[in-house]
Amino acid sequence: MHWLERLWPDEYVADIQQIDLDKLRANGYRLILTDLDNTLVPWNHPELPDALVDWLRAVRQRGFSVCILSNNAGPRVNAFAAKAGVDYIAAARKPKQEAFRRALAQFGVPPEAAVMVGDQLFTDIQGGNRCGLYTILVLPIAEREWWGTRLVRRLERIVLRRLVRKGLVIPQRKVKGNE
Ligand SMILES: [Mg+2]
């Protein structure tokens, strides 16, 4: 597979709220693996926003299983996942395939029936694509990030520009209402 192809998301949406859950379900997907930081909440953000609680409920109502797949450390992910009431794998070392495979095995779901949602090309999307999952890229929620991520973002911007030249469309950020 060409390296650019491995970084190409199947979908690119502004945020998780824009994911068409019904369409995913109709297409046979039943497990949603999702990144945590800057995908579900701002980086290292401890709270569980109401909008996310509603989204998780909508996901479950449609019969999806959910599992957080985060490269962040155990305690951070554990605390958040417990609050959200979802399964998780911390220190996942995405884009390595091992954590993805472990999650699939845990839920007894083949790669063709699983989705990976995340805000980073090199970890979330590349890892998901390597494992044959349906990959959905979201815009990062906040600018504040781990220093390592900030460095990777520079490289990511270069790759994104290449993908855009080949036809990837960057979604418009939705204007937030009063929360
Ligand atoms: Mg992230």
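By convention here, the first residue in the shown sequence is residue 1. No hydrogens, no waters, no symmetry mates; every other heavy atom, side chains included, goes into these values. Whatever order the structure lists them in is the order used to number ligands and atoms, beginning at 1.
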* To do: State which residues pass ring pair (Phe, Tyr, Trp, His ring centres under 6.0 Å) with Y88; sequence neighbours excluded, sorted by chain then number.
  => none

* **By ring pair (Phe, Tyr, Trp, His ring centres under 6.0 Å) - contacts of Y29 (at least two apart)** => Y134

* For side chain to side chain contact (heavy atoms under 4.5 Å, CB included), just list the numbers for L40 and W55, CA-CA rounded to whole Å, side-chain angles, deciding distance to a tenth of an Å, and then say yes or no. => CA-CA 10 Å; L40 297 184; W55 185 78; 4.1 Å; yes

* Does the side chain of E145 pick up a donor-acceptor pair with the side chain of N38 at under 3.5 Å? -> yes

* To do: Tell me whether the guanidinium CZ or amine NZ of R25 lies under 6.0 angstrom from the six-membered ring centre of F64 and within 45° of its axis.
  => yes

* To do: List in chain and number order the residues that pass salt bridge (charged side-chain N to carboxylate O under 4.0 Å, His left out) with D54, two or more places apart in sequence or in another chain; answer none if no residue qualifies.
  => R57

* To do: Return the set of protein N, O or S atoms whose distance to the Mg ion (ligand 1) is under 2.8 Å, each given as residue and atom.
  => D35 OD2, D37 O, D119 OD1

